[in-house]
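Order of appearance sets the numbers: ligands from 1, and atoms from 1 within every ligand. Predicted, not measured: the structure shown is a model, and the values here were computed from it.
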Amino acid sequence: MLNFVMYVSDVCAPMAQDNEQMVQGLIDIERTAKQRNRHLNITGVLLVDGGHFIQLLEGYREDLDTLLASISRDARHTNVSILMDEPISKRAFGEWNMDIFTLDVKPELKSEDLHRFRDCYLANEKPNALEVANWVRRLIKHPEIRFGEVSA
Ligand SMILES: Cc1cc2nc3c(=O)[nH]c(=O)nc-3n(C[C@H](O)[C@H](O)[C@H](O)COP(=O)(O)O)c2cc1C
């Protein structure tokens with residue numbers, strides 16, 4: 001069964017405190033992720049927003065659990081909190097191999113969808129995987145927020 005997982009976490013020092021460390025850290029994470037996720041048949045994207053990570057992962061249960069075990073003991077972030085973990089019938093990010101997007105580059109992009117998303121949680125109406133995927137897919141259409149293109 002394919003599953004969709006989304007978590008948020010807090011970026012730790014030194015990445016959180018120094019932009020050069022942040023850039024280097026993201027380069028390292030993306031490099032590792034792109035290699036390992038291919039083996040684990042995991043797709044998704046990683047968003048960075050104001051000192052937080054938001055990661056969307058799609059894959060089969062066993063592979064997701066293997067990866068989440070690694071991710072949750074990674075000292076580069078803390079307070080890993082899984083917001084969604086649910087079965088899906090098909091991948092929404094099948095063509096994405098853990099590219100990183102930095103939302104701070106264009107804050108106006110995230111406001112409308114992010115607020116709707118937050119309001120859902122506040123009202124205790126959990127959005128489903130498809131809604132979240134659609135929101136994120138709209139965001140990542142903007143090339144300016146793609147990490148790597150920004151720092152290049
Ligand atoms: C926010 C964040 C996201 C990450 N995403 C992935 C990922 O999608 N795939 C991956 O293989 N490693 C990812 N990593 C790196 C893993 O935490 C871990 O270092 C790596 O998979 C090696 O696993 P190991 O430490 O168990 O050997 C991520 C790390 C962080 C901090």
Legend entry - Worked check of side-chain hydrogen bond (donor to acceptor under 3.5 Å, both in side chains) between Asn79 and Asp10: CA-CA 6 Å; Asn79 297 330; Asp10 301 333; 2.7 Å; yes
Legend entry - Top protein contact for atom 9 (N) of ligand 1, by heavy-atom distance: Asn37 OD1, 2.6 Å
Legend entry - Side chains of Ser9 and Phe53 in contact at under 4.5 Å (non-hydrogen atoms): yes
Legend entry - Atom indices of ligand 1, in the order listed, that fall short of 4.0 Å to a heavy atom of Thr32: 11 (O), 20 (C)
Inset, instruction - Going by heavy-atom distance to atom 30 (C) of ligand 1, choose the closest among Ile29, Leu26, Asn97. - result: Ile29
Legend entry - Heavy-atom check, side chain of Arg91 versus side chain of Asn41, under 4.5 Å: yes
Inset, instruction - Say whether Arg73 and ligand 1 are in contact under the criterion: heavy-atom distance to a ligand atom below 4.0 Å. - result: yes
Inset, instruction - Could you tell me whether the side chain of Arg61 reaches within less than 4.5 Å of the side chain of Leu64, counting heavy atoms only? - result: yes
Legend entry - Minimum-distance pair of heavy atoms, taken over all atoms of Ile100 and Glu30: N-OE2, 3.0 Å
Legend entry - Shortest protein heavy-atom distance from atom 19 (O) of ligand 1, along with the residue and atom involved: Asp74 OD2, 3.2 Å
Inset, instruction - Using a 4.0 Å heavy-atom threshold (strictly under), name the region of Gln55 that reaches ligand 1: side chain, backbone, both or neither. - result: side chain
Legend entry - Contact atoms of ligand 1, heavy-atom distance to Arg76 under 4.0 Å: 15 (C), 19 (O)
Inset, instruction - Could you tell me the residue and atom name of the protein heavy atom closest to atom 2 (C) of ligand 1, and the distance to it rounded to 0.1 Å? - result: Tyr7 OH, 3.6 Å
Inset, instruction - List the closest protein heavy-atom neighbour of atom 7 (C) of ligand 1: residue, atom name, distance to the nearest 0.1 Å. - result: Ala33 CB, 3.4 Å
Legend entry - Glu95, CD: over 12 other non-hydrogen atoms inside 6.0 angstrom: yes
Legend entry - Polar side-chain atom of Glu86 near backbone of Val5 as donor-acceptor pair, under 3.5 Å: no
Inset, instruction - For atom 27 (O) of ligand 1, grab the closest protein heavy atom and report residue, atom and distance to one decimal in Å. - result: Ser70 OG, 4.8 Å
Legend entry - Where ligand 1 meets Met98 - atom numbers and elements under 4.0 angstrom, heavy-atom basis: 8 (O)
Inset, instruction - Please name the residue in the list Ile71, Val11, Asp28, Leu26 that meets the side-chain contact (heavy atoms from CB on, under 4.5 Å) test with Arg76. - result: Asp28
Inset, instruction - Give the ring-plane orientation class for Phe93 versus Phe4, where under 30° counts as parallel, over 60° as perpendicular and anything between as tilted. - result: parallel
Legend entry - Distance-only side-chain donor-acceptor flag, Ser70 / Arg36, under 3.5 Å: yes
Inset, instruction - Please work out whether any backbone atom (N, CA, C, O) or any side-chain heavy atom from C-beta onward of Ile42 is under 4.0 Å from ligand 1, and answer side chain, backbone, both or neither. - result: neither
Inset, instruction - Check each atom of ligand 1 against the heavy atoms of Leu67 and keep those under 4.0 Å away; list them by number with element. - result: 7 (C), 8 (O), 9 (N), 10 (C), 11 (O), 12 (N)
Inset, instruction - Look up atom 25 (O) of ligand 1 and tell me if a protein heavy atom lies less than 4.0 Å from it? - result: no
Legend entry - Location of contacts on Ile71 toward ligand 1, heavy atoms closer than 4.0 Å: both
Inset, instruction - Could you tell me the residue and atom name of the protein heavy atom closest to atom 11 (O) of ligand 1, and the distance to it rounded to 0.1 Å? - result: Arg36 CB, 3.2 Å
